[in-house]
Enquirer: 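Would you mind keeping the following structure in view while I ask a few things?
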2 protein chains.
Amino acid sequence: MSFKIRSRIWIEADEHVFLGEGRVRLLKAIDETGSLSKAAKSLEMSYKKAWKLIDSVNKSTKKPVIIMSVGGKNGGGAELTDYGRALINAFEEINQGCWDYLDTQLKKIKDL
Amino acid sequence: MSFKIRSRIWIEADEHVFLGEGRVRLLKAIDETGSLSKAAKSLEMSYKKAWKLIDSVNKSTKKPVIIMSVGGKNGGGAELTDYGRALINAFEEINQGCWDYLDTQLKKIKDL
DNA sequence: AAGCGTTATTTCCTAACAAATATAACGCTG
DNA sequence: CAGCGTTATATTTGTTAGGAAATAACGCTT
C-alpha cells in the first residue's frame, strides 16, 4: 500500500481565489512567451480561460501583476511585473514547504 | 488587502485519491448516524454520491474502514471501524498542522 | 489607409458532471 | 410470508462548465 499525501494551496484576497497553481503556471508561461495567447497555447488552455484567469488576478491586487497592452509594435503583449515575479517566487517557496511538511507526516498514516 | 492562504490535502493510494476532506466528513457522519443514507442526508449529499465515495474508500485499503451490512435488524447499516477512526484522527491532525504552517507563511505574501 | 498580431468579448454548442427517479436485493421481525 | 429500512445499482433527466468560433478593437508599421 503506497500512500501519498498530496495538497493544493491557493491564496485568497477578499474571499475569492486570487493565486493558485494553475495561475502561477500561466504567469510563468506569459513571462516566457511575452503574450497571453502564446502562453495559453503552450499550456493547451483556451485563450478565453487564460484571459479570465489573468483578469481575475489583475482585479485582485492594487499593485499590477501583469501588464497587458493591445495593438502596437507586435500587436500587443503581456508582461509580468516585478511584483508578479515576487509573488510567484513566494508562492512556490511556500508550496514546496507545504509538501515537505506533509512528507514528514506520511508515516503517521502508514503506521496505523 | 486581506490575504489568506488556503489548502486542501488528500491521501492517495496507488495513484488514486482515497481520503480527503469530503470523505472524512462523510465517515464522521456515518459514525454519528450509523447509516450511509442518513449520513448522506445529513450532509445534503445524494445517496449515490455518498455510496461511490465510500465504495472507493473501501476498495483502497486492505484493512476495512467501514463495514456495510444490508438487510437484517434495522434494515442494515454502516459502521466505522477502529482503523477508520484512527485514519480520521491522523488526517485531521495533519490537516491542522498544514493550516498552522501556512499561517506562519502568510506574511511572506503580505510583505511583498 | 491597409495590414498585422495581438487583446477583448459575445454567442453558440457540447460534453461532462450532478441530481432525481426507479428498481432490485437483502435479512431480520412480527 | 409480508413488511420494514437499509444497501446496491441502473436509467433518465437537468444543469453547469468549458471549448470553438466569430467579431471587434487597438495601435504600430509600411
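Since the model is a prediction, treat every value here as computed from it, not as a measurement. Letters A, B, ... are given to chains in the order of the sequence lines, protein chains preceding strands, and every chain is numbered from 1.
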Enquirer: Between the side chains of R25(B) and E92(B), is the shortest nitrogen-to-carboxylate-oxygen separation below 4.0 Å, so that they form an ion pair?
Expert: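 No.
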Enquirer: How many whole angstroms separate atom CE of M68(A) from atom P of dT6(C)?
Expert: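 That distance rounds to 12 Å.
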Enquirer: Which atom names give the shortest non-hydrogen contact between S7(B) and E21(B), and what distance separates them?
Expert: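 S7(B) and E21(B) have their closest heavy atoms at O-OE2, 3.9 Å.
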Enquirer: Atom NZ of K52(B) and atom C1' of dT9(D): how far apart are they, to the nearest Å?
Expert: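 Distance check: K52(B) NZ to dT9(D) C1' gives 10 Å.
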Enquirer: Quick check: on DNA chain D, is the nucleotide nearest N74(A) upstream (toward 5') of the one nearest M45(A), or the reverse? Name the residue that is more 5'.
Expert: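 Going by which nucleotide is closer to the 5' end, it is M45(A).
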Enquirer: Side chain of L36(B), heavy atoms from C-beta onward: which of dG19(D), dT7(C), dT7(D) has the nearest atom to it?
Expert: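 Nucleotide nearest to L36(B)'s side chain: dT7(D).
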Enquirer: What I want to find out is whether K52(B) reaches D55(B) closely enough, with some N-O distance under 4.0 Å, to be called a salt bridge.
Expert: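 No, K52(B) and D55(B) are not salt-bridged.
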Enquirer: Rounded off to whole Å, could you give me the CG-to-P distance for the L43(A) and dG18(D) pair?
Expert: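 Spelled out: CG on L43(A) to P on dG18(D) is 16 Å.
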Enquirer: Starting from C1' on dA19(C), measure out to NZ on K41(B) and report it in whole angstrom.
Expert: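 Computing the K41(B):NZ to dA19(C):C1' distance gives 15 Å.
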Enquirer: Between K49(A) (NZ) and dA21(D) (P), how many Å, whole number?
Expert: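 Atom-to-atom, K49(A) to dA21(D), this comes out as 18 Å.
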Enquirer: Starting from P on dT7(D), measure out to CG on N58(B) and report it in whole angstrom.
Expert: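 After rounding, the reported distance stands at 13 Å.
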Enquirer: Return the value, rounded to whole Å, for the distance between atom CD1 of I66(B) and atom C1' of dT6(D).
Expert: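 Result: 14 Å.
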Enquirer: Does the distance from a Lys or Arg side-chain N to an Asp or Glu carboxylate O, for E15(A) and K4(B), drop under 4.0 Å?
Expert: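 Salt bridge present between E15(A) and K4(B).
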Enquirer: How about I11(B) and L106(A): do any of their side-chain heavy atoms sit closer than 4.5 Å?
Expert: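 I11(B) vs L106(A): side chains apart.
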Enquirer: Within the pair S46(A) and dA20(D), is there a side-chain N or O less than 4.0 Å away from OP1 or OP2?
Expert: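 S46(A) to dA20(D) OP1/OP2: no side-chain N or O under 4.0 Å.
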Enquirer: Figure out the CD/P separation between E79(A) and dT7(C), and round it to whole Å.
Expert: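 Going from E79(A) (CD) to dT7(C) (P), I get 13 Å.
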Enquirer: For K48(A) and K38(B), find the nucleotide of DNA chain D closest to each by heavy atoms; which residue's nucleotide sits nearer the 5' end?
Expert: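 This one resolves to K38(B).
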Enquirer: If only side-chain N and O atoms of S35(A) are considered, is one of them under 4.0 Å from the OP1 or OP2 phosphate oxygen of dT7(C)?
Expert: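 Yes, such a contact exists.
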Enquirer: From C-beta outward on Y47(B), which listed nucleotide comes closest to its side chain: dT29(C), dT9(D), dA8(C)?
Expert: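 Taking heavy atoms from C-beta onward, the closest nucleotide is dT9(D).
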